[in-house]
Amino acid sequence: GIHCEECSPLFNNVLWKTGFDPAFNGCQECSCNDHASSCRFDISLNNGVCDCDDNTAGNMCEMCADGLYRNSEVSMNDINTCTECQCNKAGTMQCLKEGDNS
């Protein structure tokens with residue numbers, strides 16, 4: 001904010017308190033694996049939750065969204081880390097990469 005009264009969109013990993021507070025909590029970047037441009041502080045988790053992009057999901061964008069699987073050929077923070085499943089979505093419960101028995 002104009003008077004430093006709020007954190008930038010991706011820096012809400014801790015509960016913000018004013019700099020004049022003895023228990024000052026500065027702005028801390030959320031760990032979103034480079035798949036978010038914003039996060040919000042969740043008081044029940046006591047940390048930031050990412051607003052995930054790039055077909056990712058989870059509090060830190062550490063999982064793939066439904067209907068996609070993790071592309072192990074690229075790093076977790078790659079824009080193409082989650083790949084669409086090539087299966088009939090009707091009746092399919094879980095998408096597994098070919099050869100993955102887990």
Side-chain angles (χ1 to χ4, degrees):
I2 195 166
H3 299 290
C4 302
E5 72 276 8
E6 62 185 354
C7 296
S8 294
L10 192 58
F11 288 78
N12 291 295
N13 198 46
V14 294
L15 183 61
W16 185 89
K17 294 180 183 174
T18 179
F20 298 111
D21 187 315
F24 170 67
N25 284 337
C27 300
Q28 187 180 86
E29 186 174 7
C30 292
S31 299
C32 300
N33 289 298
D34 297 330
H35 295 294
S37 55
S38 65
C39 63
R40 65 196 180 295
F41 182 77
D42 185 312
I43 194 118
S44 65
L45 298 173
N46 200 33
N47 65 311
V49 174
C50 304
D51 301 316
C52 301
D53 296 321
D54 305 327
N55 297 314
T56 59
N59 292 345
M60 298 183 294
C61 307
E62 75 281 11
M63 301 182 301
C64 291
D66 289 342
L68 294 107
Y69 70 90
R70 168 83 173 84
N71 180 359
S72 60
E73 296 177 12
V74 298
S75 68
M76 184 63 212
N77 61 345
D78 189 283
I79 194 169
N80 296 310
T81 195
C82 294
T83 303
E84 190 171 348
C85 295
Q86 301 299 317
C87 51
N88 185 344
K89 291 182 172 95
T92 302
M93 292 180 61
Q94 184 179 8
C95 174
L96 297 175
K97 183 178 179 182
E98 192 172 336
D100 185 358
N101 295 323
S102 57

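Residue numbers count from 1 along this sequence.
Put simply, the side chain of Thr56 reaches to within 4.5 Å of the side chain of Thr81, judged on heavy atoms. The shortest distance between side-chain heavy atoms of Asp53 and Ser37 falls below 4.5 Å.
Annotation: the span from Met60 atom CE to Asn47 atom CG amounts to 7.5 Å, rounded to 0.5 Å. The distance from atom CG of Asp78 to atom CG of Asn33, rounded to the nearest 0.5 Å, is 11.5 Å.
Side chains of Asn77 and Ser75: a donor-acceptor N/O pair is present below 3.5 angstrom, by distance only.
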Item to complete: Go through the steps to decide whether Cys61 and Cys52 satisfy the test disulfide bond (SG atoms under 2.5 Å apart), and finish with yes or no.
Response: CA-CA 6 Å; Cys61 307; Cys52 301; 2.2 Å; yes
Item to check | Test side-chain contact (heavy atoms from CB on, under 4.5 Å) applied to Phe41 and Asn46, step by step | outcome: CA-CA 7 Å; Phe41 182 77; Asn46 200 33; 3.5 Å; yes
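A 6.0 Å sphere centred on CG of Asp66 holds no more than 12 heavy atoms belonging to other residues, nucleotides or ligands.
A disulfide bridge connects Cys7 to Cys27: their SG atoms sit within less than 2.5 Å of one another. Taken as a pair, Cys82 and Cys64 meet the criterion of an SG-SG distance shorter than 2.5 angstrom. Not less than 2.5 angstrom separates the SG atom of Cys50 from that of Cys30.
Side-chain atoms of Asn12 come within 3.5 Å of backbone N or O of Cys39 as a donor-acceptor pair. Within the 3.5 Å criterion, the main-chain N or O of Met76 finds a donor-acceptor partner in the side chain of His35.
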